[in-house]
Chemist: 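This is the structure I have questions about; it appears just below.
First listed ligand is number 1; within each ligand, the first listed atom is number 1. The chain is numbered in sequence order, starting from 1.
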Amino acid sequence: MKYRTIGGDPARRREVSVLSLGAMLFGTITDEKTSFAILDRYVEAGGTFVDTSDNYAFWVDGTVGGESETLLGNWRRSRGIGDEVFIATKLGAAPLAPGTGYIDNPEGLSAAAIRSAVEGSKARLGVESLDLLYAHIPDPKVELAETVREFGALVHEGAVGLLGVSNHWAWQVERARAIARAEGIAGYEVLQYQHSYLRHRTDLSTELSPDGVCATADGNLLSMVRAERDLALVAYSPLIGGAYMREDKPLGPGHDHGSREARLTALREVAASSGATVNQVVLAWMLGADVPAIPLVGASSVAQLEESLAAVDLELTEEERARLNEA
Ligand SMILES: NC(=O)c1ccc[n+]([C@@H]2O[C@H](COP(=O)([O-])OP(=O)(O)OC[C@H]3O[C@@H](n4cnc5c(N)ncnc54)[C@H](OP(=O)(O)O)[C@@H]3O)[C@@H](O)[C@H]2O)c1
């Protein structure tokens, strides 16, 4: 495993493994035994950065979520895991009632919602403070400043270590950070966005926004991470749910991008020349990019995780990287 630092403030920044493990489906679709085996193997391989959310995975059984955090809490207790594993969680997108969703009935990002969500996540994870807390989706009903102040207060109180943001427009991230800077409080330093080697279309209307895709790491976001040294990019769904290598997982309309076929060809060529799998080439490309990302992979078996873990040691040659970048 390799490690890198996230967070800019010397008092709060943390070293984490360069590969993060997503626990989204642990405790629902992925049963406890398999989830524990994947987590154990991840830690054995040196992994220290696990991702969850208070709303995972409400859509499976029509709940309000929390199953993933509960499973992680049980795993921590049963293995005696403490600070050595850094667990990120998110709030804002849990449905307020079973059978509803994060668009029509979300908990949102008001100060009161944040306080209540943090208490719930701490209890389920079995921790005194949260390592990293993200605002999961924007809340258009709440002033940005209210959310920023509440997040900042949580850090000030020691209830949260680092702050992050996911699926927000780049302008919202920058405005939130500007408010935090002006008020001398902690702001967002970890950005979690959908990001992979294949480019994602940004022009499609989504449930989250009629104006296009705010969930993907586009040029606005990547240029911000390049320019701001305290920012780290965590890339969710880097394997596009398995679509690179599996016929049962076709690429969706979001990847119907003009560069798609050229990039798939380049990937196959580099996989052949490097002796790695296409998934591993994707992860290695992200890890070593000039705006490096922390791939946040999912896995439903230990074998899938093994393939992703091995990508950490895959060094692409300059020619291979150029071939991929130019496609
Ligand atoms: N911030 C957000 O809004 C957001 C949104 C989505 C996800 N996330 C986070 O990102 C994490 C990862 O998301 P993701 O699951 O979409 O990531 P992903 O890594 O793109 O997809 C993981 C899935 O790909 C398949 N897979 C993985 N390795 C494979 C292999 N070696 N061979 C064949 N198939 C393989 C598996 O599908 P099967 O299970 O079907 O076998 C696995 O569940 C989540 O757990 C969550 O923590 C965040």
Chemist: In the hydrophobic clustering that connects Ile, Leu, Val, Met, Phe, Trp and Tyr at side-chain heavy-atom distances below 4.5 Å, which members other than Val213 occupy its cluster, ordered by chain and number?
Modeler: Leu204
Chemist: For residues 247-266, which residue pairs pass the ring-ring contact (aromatic ring centres under 6.0 Å, His included) check, not counting sequence neighbours?
Modeler: His200-His255
Chemist: Under a strict 4.0 Å criterion on non-hydrogen atoms, which protein residues are in contact with ligand 1?
Modeler: Gly22, Ala23, Met24, Asp51, Tyr56, Lys90, His136, Ser166, Asn167, Gln192, Tyr236, Ser237, Pro238, Leu239, Ile240, Gly241, Gly242, Arg246, Lys249, Asn279, Leu296, Val297, Gly298, Ser300, Gln304, Glu307
Chemist: If you define the side chain from C-beta out and look only at heavy atoms, does anything of Asn220 sit under 4.5 Å from Trp169?
Modeler: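 Result no, sub-4.5 Å side-chain heavy-atom pair not found.
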Chemist: Could you tell me whether Arg181 and Glu174 make a salt bridge, using a distance below 4.0 angstrom between a side-chain N and a carboxylate O?
Modeler: yes
Chemist: Does a salt bridge link Asp203 with Arg201, judged by any charged N lying under 4.0 Å from a carboxylate O?
Modeler: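 Yes, charged N to carboxylate O under 4.0 Å.
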Chemist: For Val64, what are the other residues in its hydrophobic cluster, where any two members join if their side-chain heavy atoms are less than 4.5 angstrom apart?
Modeler: none
